[in-house]
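Whatever order the structure lists them in is the order used to number ligands and atoms, beginning at 1. What you see is a predicted model, and the numbers here were worked out from it, not measured in a lab.
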Amino acid sequence: MTDNLEIVRCPACQKEMKKVFDKEKGIYIDICIDGCGGVFFGKKEYENYDEQHESAEVILEALKDRKYTPVSDDIPRICADCNATMMKNFSSSKMQIKIDACYSCGAKFLDNQELEKIRAEFPTAEARQKDFMENLFTIVGEEFTEQIEENALYDKENKKEFFFNGVCAVIRMLSFGTIKLKKYKRKD
Ligand SMILES: [Zn+2]
Ligand SMILES: [Zn+2]
């Protein structure tokens, strides 16, 4: 939550963003009021606004009754705080809303109206957390199962190969030994 009062450019449409101060939370939020209507949250700021019980009045008020120019979601967004390329992340395991997240500094960028949609996803923070844990387990569980199966198959193939190579080596050694032995014998 280190607030930089420097004016930043919108990661989506490059317009200068407007700083809006949330007195209650002591946070400056960058909002693209003159462009796409996107909202940029610095590190750990987003977590103060994503749940229904948290007040987002300051942001929603600033965005209200204006027309915004939508921006293509295909162009990668650059973090306004640290210049890293932001990654697309689903806001929750419902996988309906994609937001831009900066893995380098923890900032987040939401397109216009995404904040309202995210806030409406779950009635409580507990419900979001519960859903996240359940679905994370399912997703990770499935991936793990596949990974484990793949690894097992790989091991099996490798063992087969190892065994085959081992047998070949023994045969080579034996035949070499035999040849040597024969030669030796012949010498004798
Ligand atoms: Zn913008
Ligand atoms: Zn960043």
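Rounded to 10°, the angle that SG of Cys105 and SG of Cys82 form at the Zn ion (ligand 2) is 120°. Angle subtended at the Zn ion (ligand 2) by Cys102 SG and Cys79 SG: 110°, rounded to 10 degrees.
The side-chain contact (heavy atoms from CB on, under 4.5 Å) with Cys79 is formed by just one residue from the set Phe40, Phe109, Tyr103; it is Phe40.
For the Zn ion (ligand 1), the neighbouring protein N/O/S atoms at less than 2.8 Å, given as residue and atom, are Cys10 SG, Cys13 SG, Cys32 SG, Cys36 SG.
Using a 4.5 Å heavy-atom cutoff, the side chains of Leu115 and Ile59 are in contact.
In terms of heavy-atom proximity, Ile97 sits nearest to Lys117 at CD1-CB, 3.5 Å.
Using a 4.0 Å cut-off between a side-chain N of Lys or Arg and a carboxylate O of Asp or Glu, Glu61 and Lys64 qualify as a salt bridge. A salt bridge between Lys94 and Asp131 is absent, with no side-chain N of the basic residue lying under 4.0 Å from a carboxylate O of the acidic one.
To the nearest 0.5 Å, atoms OG (Ser55) and CD (Glu24) are separated by 5.0 Å.
The aromatic rings of Tyr28 and Phe21 are tilted relative to each other, their planes meeting at an angle between 30° and 60°.
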